[in-house]
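What follows is a set of notes on a single structure, which appears directly below.
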Amino acid sequence: MALSSSFSIAGSFEKDIIETASGGLEITFIGHGSLMMKHGGKVIHIDPYGTLTDYGKLPKADLVLITHEHGDHLDPGALAKIRTPDTVVAANAASVNIAGVAMKNGDVQTIVG
């Protein structure tokens, strides 16, 4: 595992790169519960929260995971900045009105590969 720190146009974020059998998994800690991951040409955002950074300057999401409906985990403004018509959003049942895929604790699904 390699640990690196880098500067993003949206701010300075801590990053980890974990080598996997299918290549490096880059995990970027945005803050609080918010992460961005890159792997195999896909971008995954977890709990985007606009108070932490300008999501308009971050890569668009192939997949967004929302852990729960609190405003610091489900921020419609931040979500709008990283969402495209092809972005899949997975969330808990209480947040399903914004999600295409509802999941609960313990569920396992393969989404966007």
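Computed from a prediction, not measured in an experiment: that's the story for all the values here.
For the pair T28 and E14, the minimum side-chain heavy-atom distance is 4.5 Å or more. The shortest side-chain heavy-atom distance between T67 and N92 does not fall under the 4.5 Å cut-off.
Not counting sequence neighbours, the partners of T87 by the side chain to side chain donor-acceptor pair (under 3.5 Å) test are T84. The side chain to side chain donor-acceptor pair (under 3.5 Å) test applied to S22 returns T20, H39, not counting sequence neighbours. With sequence neighbours excluded, the residues satisfying side chain to side chain donor-acceptor pair (under 3.5 Å) with H70 are H68.
A distance of 7.5 Å separates CE in M36 from CZ in F13, rounded to the nearest 0.5 Å.
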Taking only distance into account, with no hydrogens and no angle test, what donor-acceptor pairs under 3.5 Å do side-chain atoms of residues 106-113 form with protein atoms, sequence neighbours excluded?
unit_1 : atom_1 : unit_2 : atom_2 : d
D107   : OD1    : K104   : NZ     : 3.3
D107   : OD2    : K104   : N      : 2.8

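Across L65, L58, L35, a single residue satisfies side chain to side chain contact (heavy atoms under 4.5 Å, CB included) together with H45, and that is L58.
The two residues P48 and I66 have their closest heavy-atom pair at CD-CD1, 3.8 Å. Here the closest heavy-atom approach between residue I30 and residue Y55 is recorded as CG2-OH, 3.6 Å. Residues L52 and G31 approach most closely at CD1-O, 3.2 Å, considering heavy atoms.
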Next on the checklist: Run V64 and V88 through side-chain contact (heavy atoms from CB on, under 4.5 Å) and show every step you take.
Outcome noted: CA-CA 6 Å; V64 179; V88 176; over 6 Å; no

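A donor-acceptor pair under 3.5 Å links the side-chain atoms of D62 to the main chain of V43, judged by distance alone.
Salt-bridge check for D54 with K81: passed, with a basic side-chain N closer than 4.0 Å to an acidic carboxylate O.
Applying the salt bridge (charged side-chain N to carboxylate O under 4.0 Å, His left out) rule to pairs touching residues 26-50 yields K15-E26, sequence neighbours excluded.
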